[in-house]
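Everything on this sheet refers to the single structure shown next.
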Amino acid sequence: MRGLEFKGLRSVEGPIIILERRENVGFGEIARIRDRSGVMKVGRILEVSDSAVAVQVFGPTTGLSIEETSVEFLGKPLELRVSVDMLGRIYDGLGRPIDGYPEPFSSEFRDINGIPINPSARTYPRDFIQTGVSSIDGMNTLIRGQKLPIFSGSGLPHNRLAAQIIRQARLKTEESFVMVFAAMGVKYDVARFFIHAFEESGVLSNVVMFLSLADAPSIERLITPRCALTAAEYLAYEKNMHVLVVLTDMTNYCEALREISSIRGEIPSRKGYPGYLYSDLASLYERAGKVKTSAGSITQIPILTMPNDDISHPIPDLTGYITEGQIVLERELFQKGIYPPVAGLPSLSRLMKDGIGPGMTREDHKDLASQLFAAYSRTKQVRNLAAIIGEEELSTLDKNYLAFGDRFERDFLSQSETENRSIEQTLDIGWKVLTHLPREELYRIKEELIEKYLPKVPEGR
Amino acid sequence: MVEGRIIRINGPIIQAKGMASAGLYDVVEAGDLGLVGEIIRLNGDIATIQIYEDNTGMKVGERVVSHGEPLSVLLGPGLIGRIYDGIQRPLEELFERTGFGIAPGVKTHPLDMERKWPFKPLCKKGDKLEKGKPLGVVQETEYLQHPIYLPPNKQEGVLVEVSPEGTYTLSEPIARMEDGTELFLCHSWPVRNPRPYQERLGMEEPLLTGQRVIDVFFPISKGGTAAIPGGFGTGKTMTQHAVAKWCDADIIVYIGCGERGNEMTDVLREFPEIHDPRTGRSIMERTILIANTSNMPVAAREVSIYTGVTLAEYYRDMGYHVAIMADSTSRWAEALRELSGRLEEMPAEEGFPAYLPTRLAEFYERGGRVTTLEGKKGSITIIGAVSPPGGDFSEPVTQHTKRFIRCFWALDRDLANARHYPAISWIDSYSEYGEELKGFWEKVNADWATTRAEAMELLKREQRLAQIVKLIGPDALPDTSRLVLLCADMIKNGFLQQNAFDPVDMYSVPEKQVIILRLIMDFYNRALRIIRAGAPLLKLRSLSVIERIVRMKSQIPNEKLELVQEVKSLLDRELGDLEKEYKV
């Protein structure tokens with residue numbers, strides 16, 4: 001009960017403590033745990049019965065003793081103090097300021113678990129966001145209110161790409177974004193890189209940061225994205241702002257979840273991850289979107305590193321099932337020196353279909369993107385063939401495809417970290433690389449569009 | 001009424017004491033907020049209950065009340081066009097009452113109890129009301145007649161009072177029987193009990209989807225069952241949307257089970273604007289949505305499938321053809337797994353409970369074509385999406401589902417990567433309904449069966465050749481084999497691939513489907529003879545008719561099939577010239 005501390009535990013096992021129940025405590029509510037030296041920790045109630053309470057402690061349980069630990073039940077779920085003054089501030093993984101200033105002045109608190117958005121209260125996202133990156137704008141368009149993760153591997157430039165998106169993301173209407181950034185288990189240098197990127201683009205005062213770095217207790221990471229999304233929801237749905245949320249690295253979050261699950265002795269499903277990994281991830285990703293009651297929106301870019309570059313690993317797999325597409329980074333392209341190494345084929349934006357076309361981007365966008373996908377897919381087949389029989393043996397058409405694929409990678413996919421292309425520039429480059437193919441091969445594009453947009457003089461001929 | 005006290009809370013599974021007189025699968029109101037739950041296990045006087053709403057903050061010692069009734073849905077006019085959560089709470093009304101978030105413990109009525117419905121009696125005082133005999137009829141939507149029957153769980157009897165024609169709300173009695181039972185326009189039915197019918201029938205009519213790859217190669221019949229398995233991003237939802245939009249069912253029940261919220265929003269936004277080509281009315285007027293998205297309580301996800309199928313059975317009993325889209329049955333199976341884990345049951349494969357196949361079978365067996373109690377013919381077609389982890393079809397849900405369905409539309413990652421949609425693989429997919437539906441298609445076009453078989457054989461040959469091409473390249477093949485590659489490409493681009501956003505291509509009538517495929521096969525057969533007579537492939541490849549055939553799908557609208565003649569005569573002219581040249 002609030003204000004009352006109970007002394008003594010029944011057991012401590014890793015981050016989970018069990019104590020005799022003395023008072024009515026609510027499932028899912030929080031508790032404050034004080035160890036023998038008076039240090040406070042926060043925990044959440046996992047299970048209650050008429051004889052005992054299990055509490056998950058967010059922080060190290062080293063030094064907790066059975067006799068000398070006391071617990072206070074706060075009678076409410078974990079909450080975050082919210083205010084617009086959060087912008088420009090830095091918090092730890094549990095939502096406490098760590099930038100040396102006091103908490104923003106506000107008496108408003110929000111449950112960090114949020115509440116599920118009613119599907120009939122959502123507005124279908126369809127506003128095009130121009131990121132200035134051709135491989136995204138042209139082929140995997142980002143839409144305001146979308147959740148579009150970056151699937152990467154260790155050593156690939158996902159952070160640089162995310163920073164470039166953050167710097168360049170604009171709506172056609174020139175409205176700008178505020179940013180919420182959550183770091184889970186990443187190294188200090190990575191956090192530093194992002195802070196620097198924010199500073200450089202002059203948006204630092206528009207960013208709320210939640211940092212649970214690699215040296216913080218892993219269990220804290222279960223709370224960090226929830227704090228971040230609670231801040232985002234407040235800004236978007238109550239203060240009508242457009243919020244871009246970057247969550248990095250979701251793999252670390254899932255590892256923490258697995259750790260807790262195994263300590264609790266739950267039956268694992270694939271690779272030891274709990275059976276509810278899908279539902280748990282959905283409870284984060286589904287907090288993106290737009291609702292009818294507010295003008296604001298939450299666009300999510302979760303970043304995750306695929307263990308061993310394996311896209312069928314449970315973390316990217318389940319993420320891909322929930323999110324509205326994925327930007328996949330490819331090691332092979334990266335090794336060829338192509339930045340950003342966005343894999344042409346496995347990347348996808350599910351919301352693209354409704355956010356592009358006349359009035360939104362340009363009339364030729366849909367057909368052009370579809371044709372580029374088809375042609376690039378054919379190029380990949382031709383390359384496999386060329387690897388076996390040699391390039392000289394290929395037919396003229398196949399050689400055309402090789403030339404196309406090469407230009408597509410060098411001119412369309414590849415751009416510098418500071419290059420900010422407009423959507424028109426992106427599409428024009430797309431048409432230019434298509435001139436390497438005979439016109440009959442452009443079967444996915446309507447004739448009138450070919451007539452209007454295909455450059456009459458083929459590139460470099 | 002039974003009242004007990006909560007003694008243990010473990011997520012959505014709680015235990016309550018003092019429940020000895022409650023029944024298994026009875027509904028309870030749990031805790032101070034009165035959250036909806038269902039008793040799933042009884043042991044002594046302790047009941048294990050699964051809670052269908054978020055129960056954060058629930059405390060030990062709070063009360064649990066059971067009224068001794070199983071979990072039921074309310075059936076009556078007004079279901080069409082609505083969106084419900086897994087336990088039939090109307091989401092639009094919840095939005096109006098509690099804002100954009102779904103708050104636990106809000107009580108609502110599934111149907112509009114104030115609205116007056118025009119009722120026309122078909123029985124009069126003194127008539128015996130038997131099962132299946134319509135008491136009267138309500139015009140639910142402009143084109144949907146909604147007969148009112150004796151609820152199948154009530155006793156037959158003589159009517160002592162029948163209200164005259166007029167408008168009535170759902171809470172006004174419209175008739176009374178001799179035993180005093182009052183009848184209303186609506187009644188409730190337990191979701192886990194299948195509704196009765198006279199007898200099960202065989203299949204004879206296809207569910208036409210307007211999707212060429214499905215209707216021609218892997219057809220499904222009205223009353224059939226199909227599964228759409230596919231890894232993420234391969235287009236399960238897109239395929240289900242396309243079928244829901246264009247199939248010729250009378251009613252669609254779309255169950256969004258553990259999937260994205262935006263997908264349901266997409267349906268809500270798009271369906272009202274699409275018109276059914278057969279009735280001309282908005283397709284929302286034949287659709288019921290059940291949305292239990294991935295972030296909504298997991299126990300309600302488990303029950304949403306039953307809620308959906310019960311609504312479907314209700315309309316089937318009126319003699320309608322109903323199609324259920326269940327997206328995704330894997331998320332439903334995962335809900336079973338999660339609840340089973342919390343019940344500490346012994347797991348079978350990959351942590352799924354051992355009763356997973358039984359539950360899947362029960363669900364798919366509620367589909368089928370029947371003679372209703374009234375003697376009409378109605379059907380439920382079930383199309384379930386499956387989301388195999390890692391796109392691996394050997395996992396338990398896909399494998400068990402395969403045992404209970406007869407139509408398998410396997411989505412292929414490579415096709416999806418090349419943006420070939422619908423990405424239904426013509427190699428891995430199958431349909432067992434082909435034979436049963438032959439009769440129907442022969443009436444549409446006598447060529448159907450042969451064309452289909454020829455095209456399928458061509459695609460199979462192309463697949464074998466593709467293996468060789470991977471090693472030695474296409475140029476090393478003889479021209480006859482390269483013609484196979486060319487024509488297989490024509491089938492892929494001009495027939496199998498279908499653009500869901502192109503106003504002409506999004507939906508093809510059966511005649512158009514067969515015409516396109518027949519034309520490609522005619523081209524192949526004639527071209528083959530020309531090549532055998534000594535013509536090089538190059539001559540054929542450069543014919544302009546090839547592009548015309550490939551573009552037919554989007555250039556010839558369903559209502560202007562006579563335009564095919566132009567393409568046909570171009571084909572005759574161009575191939576005729578070559579035939580003359582090489583004296584075929």
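Every chain is numbered from 1 and lettered A, B, ... according to where its sequence line falls, protein lines coming before strand lines.
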Within the 3.5 Å criterion, strictly below it, is a donor on [X] or [Y] matched to an acceptor on the partner's side chain?
| X | Y | result |
| --- | --- | --- |
| Ser294(A) | Asn240(A) | yes |
| Asn262(B) | Tyr124(A) | no |
| Arg260(B) | Thr265(B) | no |

With only heavy atoms counted, which part of [X] is less than 4.5 Å from chain B, the side chain, the backbone, both or neither?
| X | answer |
| --- | --- |
| Gln381(A) | neither |
| Val291(A) | side chain |
| Arg270(A) | side chain |
| Arg44(A) | neither |
| Asp111(A) | neither |
| Thr319(A) | neither |

- Filtered by a 4.5 Å non-hydrogen cutoff, the part of residues 333-342 of chain B contacting chain A is Glu334(B), Arg337(B), Glu338(B), Gly341(B)
- Query: Under 4.5 Å, heavy atom to heavy atom, which residues of residues 373-380 of chain A contact chain B?
  - Reply: Phe373(A), Ala374(A), Ser377(A)
Contact part of [X] toward chain A, heavy-atom cut-off under 4.5 Å: side chain, backbone, both or neither?
| X | value |
| --- | --- |
| Ser387(B) | both |
| Arg413(B) | neither |
| Pro90(B) | neither |
| Lys236(B) | side chain |
| Leu91(B) | both |
| Glu93(B) | neither |

- Note on the structure: Result for side-chain contact (heavy atoms from CB on, under 4.5 Å) between Leu351(A) and one of Lys147(A), Glu324(A), Arg144(A) points to Glu324(A)
- Checking side chain to side chain donor-acceptor pair (under 3.5 Å) against Asp266(B), which of Arg122(A), Arg350(A), Lys353(A) comes through? Lys353(A)
- Note on the structure: Checked Pro297(B), Ser328(B), Ser294(B), Gly351(B) vs chain A; the most non-hydrogen pairs under 4.5 Å come from Ser294(B)
